[in-house]
Amino acid sequence: MLLRQATMADLPQIESIIRDGRELLAAQDIDQWQGSYPNTAVLVDDIHQGWTVVLEEDNEILGTAALIPGEDPTYKQIDGQWLTEQAPYLAIHRVAVSSHHHGRGLAGELFQRLFAQIDHAASIESIRIDTHPHNMAMQHVIKKNGFTETGRIDLAAAGMPGTTDFAYERLTANAKSAHLTATPTIKSLN
C-alpha cells in the first residue's frame with residue numbers, strides 16, 4: 001500500500017468512496033454527510049490545496065482524507081479543552097475508506113501512515129479530528145489510533161450551526177511542553 005497526495009485524476013474514485021460513506025452512514029441512521037457536504041467543490045478544493053491524501057493499492061484508491069494545516073475555524077471554540085494551546089496542528093477531515101474493502105482495517109492503516117509522515121514535520125505538534133456523536137465506528141478508529149477525547153465542538157463555522165461533534169487530539173513526536181495544557185478531565189463523550 002502507498003499513501004500519496006491526491007491528483008485531479010483521483011477525483012472520481014474519491015467521490016465514489018465519499019458517496020459509499022454517505023450511504024453507509026444513512027443506512028445506520030447517522031445524519032453525518034447526509035446533506036450536500038462534502039460535495040465535489042469541496043473535494044476539488046482539497047485536491048487543489050494539496051490537502052487530500054489517498055491510500056492506494058494496485059492502482060485502486062482504498063481510502064482518503066484531507067489534512068488541513070493552520071487554524072481550523074471549527075476548532076477555535078471547544079466545550080472541553082484541547083491538549084495543546086497556540087501550537088501548530090493539522091486537522092484531519094473527510095476520512096473515508098472503500099466499501100469494497102471494509103473489515104481490512106484500512107482507516108487505521110491510513111491513520112498510521114499519516115502519523116508516520118506527520119511525525120517527520122518538525123513544525124506540527126498535534127493532530128485534531130472530530131466526528132458525529134452517533135458515528136461509533138469512526139469514534140472507535142479515532143480512539144484506537146491514539147487520539148484523546150477533548151470535548152465537543154459546534155460546526156457553525158463550517159456552515160452547520162447547531163451541529164455538535166465530538167473532538168479529539170493526538171500529540172505528535174514534535175509536541176513542545178510549552179504548548180501543552182493540563183490534561184483535560186472530560187467525561188466520556190459516549
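Any value given below was found using the heavy atoms of this structure, including those in side chains, with hydrogens, waters and symmetry copies removed. What you are looking at is a predicted structure, and each value in this text was computed from that prediction instead of being measured.
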Would a 4.5 Å heavy-atom cut-off, applied to side chains only, mark [X] and [Y] as touching?
X	Y	result
L55	R113	yes
Q139	F166	yes
Q32	T131	yes
L3	L110	yes
R128	T84	yes
R104	L62	yes
T163	D154	no

- prompt: Hey, what else clusters with L2 if you join Ile, Leu, Val, Met, Phe, Trp, Tyr whenever side-chain heavy atoms sit under 4.5 Å?
  reply: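 Noted: L2 shares its cluster with no other residue.
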message: So does A121 get a backbone contact from the side chain of N174, meaning a donor-acceptor N/O pair under 3.5 Å?
response: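 Yes.
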- prompt: Taking the side chain from T64 and the backbone from V54, do they hold a donor-acceptor pair closer than 3.5 Å?
  reply: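 Pair absent, no side-chain N/O of T64 close to backbone of V54.
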Quick one: do the [X] and [Y] side chains pair a donor with an acceptor below 3.5 Å?
X	Y	value
N145	Q112	yes
H179	E125	yes
R22	Y37	no
D72	Y89	no
E169	S126	yes

message: Between the side chains of D10 and R4, is the shortest nitrogen-to-carboxylate-oxygen separation below 4.0 Å, so that they form an ion pair?
response: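 So R4 pairs with D10 through a salt bridge.
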Show the nearest heavy-atom pair for residues [X] and [Y], with the distance to one decimal.
X	Y	result
L43	P38	CD2-CB, 4.3 Å
A107	V97	N-CG1, 3.7 Å
A91	Y75	CB-CE1, 3.7 Å

[atom1]/[X] to [atom2]/[Y] distance, rounded to the nearest 0.5 angstrom?
X	Y	atom1	atom2	result
T172	D119	OG1	CG	5.5 Å
D130	M138	CG	CE	9.0 Å
I92	I129	CD1	CD1	5.0 Å
M1	E57	CE	CD	5.0 Å
L90	L114	CG	CG	9.0 Å
Q28	E23	CD	CD	12.5 Å

- prompt: Can you list the residues that meet the ring-ring contact (aromatic ring centres under 6.0 Å, His included) rule with F111, with sequence neighbours excluded?
  reply: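 By the ring-ring contact (aromatic ring centres under 6.0 Å, His included) rule, F111 matches F115, F147.
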Could you check whether atom [atom1] of [X] has more than 12 heavy atoms from other residues, nucleotides or ligands sitting under 6.0 Å from it?
X	atom1	result
K176	NZ	yes
Q34	CD	yes
H134	NE2	no

- prompt: ring-ring contact (aromatic ring centres under 6.0 Å, His included): which pairs involve residues 45-65, sequence neighbours left out?
  reply: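 Of all non-adjacent pairs touching residues 45-65, none passes ring-ring contact (aromatic ring centres under 6.0 Å, His included).
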- prompt: Got a sec, which pairs hit ring-ring contact (aromatic ring centres under 6.0 Å, His included) with one end in residues 1-21, sequence neighbours left out?
  reply: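 Output for this query is empty, none listed.
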Report, one line per pair, each donor and acceptor closer than 3.5 Å where one atom sits in a side chain of residues 12-20; sequence neighbours left out.
residue : atom : partner : partner atom : Å
Q13     : OE1  : I61     : N            : 2.9
E15     : OE2  : T40     : OG1          : 2.3
D20     : OD2  : S99     : OG           : 2.8

[X] and [Y]: same hydrophobic cluster, using ILVMFWY side-chain contacts below 4.5 Å?
X	Y	result
L83	L180	yes
W82	L155	yes
I142	L24	no

- prompt: With D31, which residues qualify under side chain to side chain donor-acceptor pair (under 3.5 Å), at least two apart?
  reply: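 By the side chain to side chain donor-acceptor pair (under 3.5 Å) rule, D31 matches H132.
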task: Show your working on salt bridge (charged side-chain N to carboxylate O under 4.0 Å, His left out) between D165 and R152 and close with a plain yes or no.
output: CA-CA 6 Å; D165 271 5; R152 297 169 192 225; over 6 Å; no
